[in-house]
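Structure record follows, encoded as structure tokens.
Keep in mind that this is a model prediction, so the values were computed, not measured.
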Amino acid sequence: KEKVKGVPLFSAGPWNKKMFREITQNFENLLLSGGYIEGSPVQQCEEGVLRLTQATAALGCGSGTDALYLALHTLKEVNGWDSPLCVLPDFTFQATINAVLNAGYFALLTDVGPDDLVMEPEVVDHVFGSMTPPFPSRDSRGVEYQLYDLKPNVDPDKNFPPHDGIVFLGVHLYGNICRLDEMRTRALQRFSALTLDRLGIWFVEDAAQALGGEAFTTLEDSNVAKENRIRRVGRVGALGDLAALSFYPTKSFGGIGDGGMVLFTNYSRTPGPEQLRRYSHSIAHQGSRKDLPGYDKYSSHLIGMNSRLDAVQAQYVGLKLGLADEIRAVRYNVRLAYEDFFESRGILWKSGIDLPWKVRLLTQGRTSWPHPTISCPGVLTVEFRTREDRDRVRAHLHRVGVGVQVYYPESLSRQPAYRDHAGVLRLPSCWVDPADGYAEIRVADEIGSRILSLPLFYGITEEQIETVCYGVLAGLESKLDP
């Protein structure tokens, strides 16, 4: 076969070529209409996302970071929290913790699972198992609420106040799904008759890397055949109370610039769409919602921001939503092609098989018993046995023109910007480095030295995939210093 010269980490070219006529026709119609801000394109995009996720309400905004900030800010304002806590993984992009801190939360960072690098459901037990039990207090308005003292769980030299609300922020990574449904179940089991509303416990998804995925559960009934015990729990975007989406171009359903969306799932816990959109007028200046009762463009009761999903972005994303099944299948098959190649060369890590390995796929296409998932991989990330192997492969791929990236080089707790604004939940895998004087997390701190993300995008060819795979093999065999 003819050699492929270079493979980009990401390319929108194949999709744009396939949908060129539809894209240009939509843009021409929009240009002539003059309706560049919100309007029917945004509404149709919101409706398309609701069909894909089965959430109950959606609100387009300017970026994925804005979406996460708006979701957290909404909870803080609506609940009247003064010092809320957000539990989030230590291994994620800075945008996540930036939104948490900017929304006025204290960040509690926790380790991630070694197989999928997402926050594990057991974190709920660790958070509530060692904290001081909640005790009642009253805010400046005389409203009673619950306070939690988390001082035993964080660095002892930091003086953090008790918290009046807790958000578990699950980040889906590489398409791998954080099981917020299991976290909620554990919280309900611990507090039995006490409601999550009264305790101020919420569950939010950062779904920027996993839109299109689905989570399932299995019934514990030996009288039913194993293959018939699987039941769908929900789709990404509707596994928690709220979710934040990103339409950044590299995402599975990316646009041609920045864009995002907030999803609301549980009517009984979060504001309904009417209340949400009135509140979001104050936050996002939703000028197309003038038909809502009580609409007053020039009266604000909350401090807000301007963050809108542009109509041109909504149109572009809407075309992808209309072909969601095809996009999911293509991305899953690309991941499968990588898996088949590495397995055929005998270098792929396989669960339960004690054989030498050099490459392990961290991007999971499907997981099985007892918590099945089907993901829509946003990026193909692999783990190498050693840092030296990873560095040799990365250097060789750079030399032959293959785009790669490390998502992410280090954990959040190691970065100077966050050390004074976040604590680290002490899990069994945690230990304290006396030289540095701050808590260190085993998986989150170590994994960044051995991972590498490879090209995975709609329209990548078999020749391009082979070029990447042979490049990985050549890099592993290279004797050159990286």
Side-chain angles (χ1 to χ4, degrees), residues 37-38 41-79 84 86 88 95-96 98-100 102-105 167-172 178 180 202-212 234-248 251-255 258-289 292 302-311 313-314 317-318 321:
I37 302 297
E38 299 178 327
V42 174
Q43 183 176 352
Q44 291 169 9
C45 182
E46 292 170 347
E47 292 171 351
V49 169
L50 292 181
R51 286 191 295 270
L52 178 62
T53 63
Q54 298 184 343
T56 53
L59 176 70
C61 59
S63 70
T65 305
D66 282 359
L68 188 54
Y69 170 83
L70 291 172
L72 295 171
H73 186 65
T74 297
L75 291 180
K76 185 174 183 290
E77 293 294 331
V78 168
N79 288 293
C86 183
L88 69 155
T96 304
N98 288 344
V100 169
N102 286 330
Y105 287 69
V167 171
F168 287 91
L169 176 55
V171 180
H172 309 309
C178 177
L180 284 161
W202 296 74
F203 300 88
V204 177
E205 296 174 72
D206 182 340
Q209 294 190 24
L211 181 60
R235 296 178 178 177
V236 167
L239 296 176
D241 298 302
L242 298 91
L245 306 181
S246 171
F247 299 132
Y248 189 75
K251 308 304 180 187
S252 299
F253 293 87
D258 261 324
M261 194 171 289
V262 186
L263 301 182
F264 290 73
T265 300
N266 195 331
Y267 268 35
S268 65
R269 305 210 64 223
T270 57
E274 294 81 14
Q275 180 183 353
L276 163 66
R277 293 185 190 281
R278 287 198 300 272
Y279 169 68
S280 294
H281 169 64
S282 175
I283 289 180
H285 300 299
Q286 293 290 322
S288 64
R289 315 302 181 189
L292 295 174
L302 296 169
I303 298 174
M305 60 181 286
N306 177 25
S307 180
R308 292 180 285 222
L309 178 62
D310 292 333
Q313 301 293 346
V317 173
L321 293 171

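The main-chain N or O of Gly260 is never found under 3.5 Å from a side-chain atom of Ser246 such that the two would form a donor-acceptor pair. Listed for the Gln54 side chain is no donor-acceptor partner under 3.5 Å among the backbone atoms of Gly234.
Partners of Ala67 according to the side-chain contact (heavy atoms from CB on, under 4.5 Å) rule, which considers only residues two or more places apart in sequence or in another chain, are Cys61, Ala244, Val262. For Ser63, there are no side-chain hydrogen bond (donor to acceptor under 3.5 Å, both in side chains) partners at least two apart in sequence or on another chain. For Tyr105, there are no ring-ring contact (aromatic ring centres under 6.0 Å, His included) partners at least two apart in sequence or on another chain. Not counting sequence neighbours, the partners of Asn98 by the side-chain hydrogen bond (donor to acceptor under 3.5 Å, both in side chains) test are Tyr418. Judged as a side-chain contact (heavy atoms from CB on, under 4.5 Å), and not counting sequence neighbours, the contacts of Thr53 are Val49, Ala55, Leu211, Leu263. Under the rule for a side-chain hydrogen bond (donor to acceptor under 3.5 Å, both in side chains), Gln313 has no partner lying at least two apart in sequence or in another chain.
Between Gly62 and Ser307, the shortest heavy-atom distance links the atoms N-OG, 2.7 Å. Shown here for Ala103 and Leu72, the closest heavy-atom pair between the two residues is CB-CB, 3.9 Å. Taking both residues in full, the closest heavy atoms of Phe247 and Phe253 are given as CD2-O, 3.4 Å, listed atom of the first, atom of the second, then distance. Scanning all heavy atoms of the two residues, the minimum distance from Cys178 to Gly170 falls at SG-CA, 3.6 Å. The nearest pair of heavy atoms linking Phe168 to Leu180 is O-CD2, 3.8 Å. When every heavy atom of His172 is checked against every heavy atom of Glu205, the shortest pair comes out as NE2-OE1, 2.8 Å.
Screening Leu245, Leu59, Val42 against Met261 for a side chain to side chain contact (heavy atoms under 4.5 Å, CB included) leaves a single residue, Leu245.
Between atom OH of residue Tyr69 and atom OG1 of residue Thr96 there is a gap of 16.0 Å, rounded to the nearest 0.5 Å. The distance from the OG1 atom of Thr265 to the CG atom of Leu50 is 9.5 Å, given to the nearest 0.5 Å.
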Exercise. Decide side-chain contact (heavy atoms from CB on, under 4.5 Å) for Asn102 and Thr65; before the verdict, give the C-alpha distance in whole Å, the side-chain angles of both, and the deciding distance to 0.1 Å.
Key: CA-CA 11 Å; Asn102 286 330; Thr65 305; over 6 Å; no

Quiz item: Please walk me through it: do Leu68 and Leu169 pass side-chain contact (heavy atoms from CB on, under 4.5 Å)?
Solution: CA-CA 10 Å; Leu68 188 54; Leu169 176 55; 3.8 Å; yes

Quiz item: After noting the C-alpha distance and the side-chain angles of Asp241 and Val167, does the key distance pass the side-chain contact (heavy atoms from CB on, under 4.5 Å) rule?
Solution: CA-CA 10 Å; Asp241 298 302; Val167 171; over 6 Å; no

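Between Asp66 and Asp258, the closest side-chain pair of non-hydrogen atoms is not below 4.5 Å.
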